[in-house]
Protein chains: 2
Amino acid sequence: MTHAKKKQPLAQRPGLTMADLAKLAGVSKITISRALSDSPLVNVETRERLQELARKHGYKLNVSARNLRLRRSHTVAVIVEMKPSSGRTMWDPYPLSLLGGISQELTSAGYSVLLTTRQGAADASVQSADGLILLGQGVRQDAVRLYDKLGMPMVVWGAAGQGGDSHIVVGSDNRQGGISVAERFLSIGRRNPVFIGNPDHPEMAQRLFGFVDELADHGIKPLLLRRADFTLESGVDAVRSLHSRKVRFDAIFACSDLLAMGAIRALVELGLSVPNDVSVIGYDDTPLGASFLPPLSTVRQNWQEGGVLLARKVLALIHSQPVQSQMMATTLVVRST
Amino acid sequence: MTHAKKKQPLAQRPGLTMADLAKLAGVSKITISRALSDSPLVNVETRERLQELARKHGYKLNVSARNLRLRRSHTVAVIVEMKPSSGRTMWDPYPLSLLGGISQELTSAGYSVLLTTRQGAADASVQSADGLILLGQGVRQDAVRLYDKLGMPMVVWGAAGQGGDSHIVVGSDNRQGGISVAERFLSIGRRNPVFIGNPDHPEMAQRLFGFVDELADHGIKPLLLRRADFTLESGVDAVRSLHSRKVRFDAIFACSDLLAMGAIRALVELGLSVPNDVSVIGYDDTPLGASFLPPLSTVRQNWQEGGVLLARKVLALIHSQPVQSQMMATTLVVRST
DNA sequence: GCCGCATATGATATCGATATCTTGATATCG
DNA sequence: CGATATCAAGATATCGATATCATATGCGGC
């Protein structure tokens with residue numbers, strides 16, 4: 001080690017302060033502050049003069065100082081949870097589209113978005129935020145509980161809690177999604193439906209429950225085919241296994257579009273006709289589904305809107321307004337399968 | 001209006017301060033500060049005692065105060081650019097996978113990620129960051145120029161600048177991607193290649209240039225088919241138009257996997273064999289490509305890694321270390337098309 | 001001509017943490 | 001034994017912005 005490296009002597013980007021501007025303009029710094037925040041307490045002319053001055057000199061507000069004084073950060077932390085098992089992060093299109101809505105809404109409300117991956121639980125930067133948005137609840141809600149303890153305004157994306165949550169939950173109404181698929185199958189006279197997915201995911205479990213319950217009302221009990229991967233291959237594989245076990249089925253509800261597409265491919269290979277012999281409905285309405293041959297029927301959830309909702313709810317919480325959990329309606333998109 | 005709503009009397013989450021802890025422990029606050037930052041200036045025993053105390057009382061560092069004092073924010077702003085024309089934001093899987101790598105790398109270096117959509121150019125929160133990562137350069141580099149003026153450490157994702165950039169650029173080596181496709185076509189004896197894409201995007205332009213240049217070395221001039229949308233339909237449409245214009249072609253380089261898949265579908269419909277009659281190569285290596293029938297050949301770019309690189313470079317810039325622009329190699333993935 | 005009131009501006013204290021400079025106590029050495 | 005390190009901890013100033021209280025000026029009414 002040649003040099004002390006840890007203690008930098010305080011970085012210094014030059015940057016004017018309000019005090020500097022004040023000196024330049026021959027007024028007090030408080031007047032600058034007021035002028036720049038459009039306070040009616042300062043004369044219109046002075047105000048404009050000072051604003052012009054600030055602009056000319058490229059003045060930049062020191063956010064830390066303001067936040068310190070005002071005891072708030074105008075920041076919402078978004079915590080992206082790791083996926084339960086696989087080491088991969090949740091950086092799939094799915095939670096990320098939420099981010100779009102979140103960012104849009106918060107930014108236009110004058111808030112900043114602090115993006116974090118869950119790591120050091122007690123990350124200081126998270127605690128300094130005014131609110132929290134949690135994407136992905138973690139295995140058995142552990143993440144939720146962890147952050148809940150911070151006592152900050154918090155909104156969680158995911159499946160509805162099993163009653164009495166202390167925090168707000170926003171999510172797609174997975175149960176209703178499952179119901180709508182069941183209704184569709186019933187309406188076209190299917191009697192032997194199969195569910196492909198992984199009920200270990202709370203969301204998928206809800207879909208399954210809705211599906212099962214609705215069918216039960218009509219005396220039908222679907223077959224549950226558990227599949228951990230949501231890949232096309234997994235869908236292919238699922239159908240093949242059904243076939244080799246000589247299961248009779250005439251409808252498939254797949255928990256993702258990829259699974260559904262795989263299923264269809266396998267069906268076609270087996271010489272079965274979609275949807276004549278077997279009807280298939282996927283989930284998510286991924287862009288490709290519509291272009292698939294045949295065009296895929298699916299359940300659509302609006303991520304973008306979900307993000308906006310999440311953002312609005314944290315903001316409401318932050319401003320101490322009453323807020324309720326909310327499930328967003330899903331849409332059954334009937335195409336050709 | 002019933003009440004003054006704008007001026008809240010200073011929000012107050014209780015929260016201990018170092019001063020409080022100091023009083024509790026009977027030491028001075030500076031000692032607390034030192035103890036909590038593991039300074040060797042304080043006795044090991046006292047240090048541990050104080051740390052324990054802080055933990056017990058759930059002390060939380062006030063980040064704003066520290067940032068103010070230290071004149072840094074330990075924050076990097078990531079600015080997600082709007083797509084040039086379409087009103088849609090860049091919230092597609094593409095830039096978002098970059099985010100994954102960025103977030104991972106910055107977080108583990110102790111930095112926070114501030115996510116912003118480009119909006120008010122001079123967003124205060126951006127200026128308070130220690131560095132900038134720009135995803136998407138905007139129409140004709142306007143975004144880049146805008147942020148460049150801030151004079152902050154900045155790294156841009158995208159096509160290599162046309163010489164003499166003042167900022168660092170990290171990107172996929174699109175030119176090389178184009179070249180590798182050309183080489184492949186040449187090696188399997190194709191003489192009439194077509195390029196489908198939109199050269200208005202700097203990235204795609206690079207792909208085209210590489211493609212064209214490499215082919216030119218062998219006396220071949222590809223046909224350029226301009227398509228603005230990167231959808232499957234657009235690919236279908238492109239091939240149909242080729243066919244109706246009775247163009248002779250035996251290879252297609254499509255600028256996105258979706259385009260490629262559309263092209264293949266259209267070819268099959270027209271009774272042409274892939275790859276016997278026409279070879280097709282896409283771009284991006286989207287998950288579906290591998291499962292497509294036939295499995296799609298494509299050019300892969302590693303987004304995750306790109307994000308990591310971006311993050312490392314800003315950090316280096318922030319620490320005043322020498323940094324250079326870098327193009328990441330692409331991989332030609334040859335499957336069946 | 002004095003009081004009251006509105007308007008415009010200033011002085012000061014403060015938010016919470018840390019750099020820097022001091023001070024006090026103990027240890028080391030010639 | 002006195003001089004000088006070494007270690008531990010405190011006092012103070014400071015980062016930049018803003019809330020709060022105080023001050024100056026103008027103007028109309030009685």
Side-chain angles (χ1 to χ4, degrees), chain A residues 4 6-51 54 57 59-74 124-125 127-128 130, chain B residues 4 6-51 54 57 59-74 124-125 127-128 130:
Chain A
K6 200 167 177 182
K7 303 237 166 170
Q8 305 167 6
L10 286 186
Q12 42 184 348
R13 213 170 308 143
L16 295 183
T17 74
M18 286 195 172
D20 297 331
L21 281 183
K23 209 166 295 173
L24 282 172
V27 299
S28 78
K29 45 182 192 165
I30 193 63
T31 303
I32 299 282
S33 170
R34 294 203 258 247
L36 295 188
S37 56
D38 278 326
S39 159
L41 284 179
V42 352
N43 191 318
V44 194
E45 293 168 21
T46 359
R47 194 195 310 170
E48 284 171 356
R49 178 168 64 92
L50 296 181
Q51 290 182 351
H57 289 273
Y59 167 76
K60 290 169 194 167
L61 176 69
N62 182 318
V63 182
S64 298
R66 181 219 255 152
N67 288 347
L68 171 58
R69 183 68 244 251
L70 297 184
R71 293 178 155 169
R72 60 103 218 262
S73 61
H74 256 212
S125 61
Q127 304 184 330
S128 77
D130 293 338
Chain B
K6 202 168 175 181
K7 303 238 166 169
Q8 306 167 6
L10 283 188
Q12 42 186 348
R13 214 172 305 145
L16 295 184
T17 75
M18 286 196 172
D20 298 330
L21 282 182
K23 209 165 293 171
L24 282 172
V27 300
S28 78
K29 44 182 195 165
I30 195 63
T31 304
I32 300 282
S33 171
R34 294 203 260 248
L36 295 187
S37 56
D38 280 323
S39 160
L41 284 179
V42 10
N43 190 321
V44 195
E45 295 167 20
T46 4
R47 193 197 308 172
E48 284 171 355
R49 179 168 63 91
L50 297 181
Q51 289 182 353
H57 289 272
Y59 167 76
K60 289 168 195 168
L61 176 69
N62 182 317
V63 182
S64 297
R66 181 218 256 152
N67 288 346
L68 171 57
R69 182 68 245 250
L70 297 183
R71 290 177 158 167
R72 62 103 216 264
S73 61
H74 257 213
S125 61
Q127 303 183 332
S128 77
D130 293 338

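Values below: all heavy atoms of this structure, side chains included; hydrogens, waters and symmetry mates excluded.
Computed from coordinates, the A/Asn67 CG to C/dT14 C1' distance equals 15 Å when rounded to whole Å. Here C/dA8 presents its P atom at 9 Å from CZ of A/Arg47, a figure rounded to the nearest Å. The CD1 atom of A/Ile30 sits 7 Å away from the C1' atom of D/dA19 (whole-angstrom rounding). Between the C1' atom of C/dT18 and the CE atom of B/Met18 lies a distance of 8 Å, rounded to the nearest Å. In this structure, A/Arg49 places its CZ atom 14 Å from P of C/dA8, rounding to the nearest Å. Note: CD (A/Glu45) to C1' (C/dT7) measures 13 Å, nearest angstrom. Distance B/Lys23 NZ to D/dG10 P: 14 Å, rounded to the nearest Å. Between the CZ atom of A/Arg69 and the P atom of D/dA17 there is a distance of 13 Å, given to the nearest Å.
Between the B/Gln127 side chain and the A/Leu61 main chain, no donor and acceptor come within less than 3.5 Å of each other.
At least one side-chain nitrogen or oxygen of B/Arg71 sits closer than 4.0 Å to the OP1 or OP2 atom of D/dG16. Taking side-chain N and O atoms only, B/Ser28 has no distance below 4.0 Å to OP1 or OP2 of D/dA9. For the OP1/OP2 pair of C/dT9 and a distance below 4.0 Å, the side-chain nitrogens and oxygens of A/Thr46 include at least one atom meeting the criterion. Contact annotation: A/Ser33 reaches the phosphate of D/dT18 (side-chain N/O to OP1 or OP2, under 4.0 Å). The side chain of B/Arg34 contributes no N or O atom lying less than 4.0 Å from OP1 or OP2 of C/dA19.
Two residues are said to be in side-chain contact when any heavy atoms from C-beta on lie closer than 4.5 Å; B/Leu36 and B/Tyr59 meet this criterion. Side-chain atoms of A/Val27 and A/Arg34, non-hydrogen and from C-beta on, never get closer than 4.5 Å to each other.
Both B/Lys29 and A/Leu68 lie near DNA chain D, and the one whose nearest nucleotide falls closer to the 5' end is B/Lys29. Nearest-nucleotide mapping onto DNA chain C: of B/Asn62 and A/Asn43, the residue sitting toward the 5' end is A/Asn43. Along DNA chain D, the nucleotide nearest A/Ala19 and the nucleotide nearest B/Val27 are compared for position; the residue whose nucleotide lies closer to the 5' end is B/Val27.
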ask   = According to the Watson-Crick and G-U wobble definition with distances under 3.5 Å, which dot-bracket string, read 5' to 3', encodes DNA chain C, using [ ] for crossing pairs and | for pairs with another strand?
value = ||||||||||||||||||||||||||||||
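Contacts of A/Ile32 with the nucleic acid, taken as non-hydrogen atoms under 4.0 Å apart, are absent.
The only member of B/Asn62, B/Leu70, B/Asn67 that meets side-chain contact (heavy atoms from CB on, under 4.5 Å) when paired with A/Ser64 is B/Asn67.
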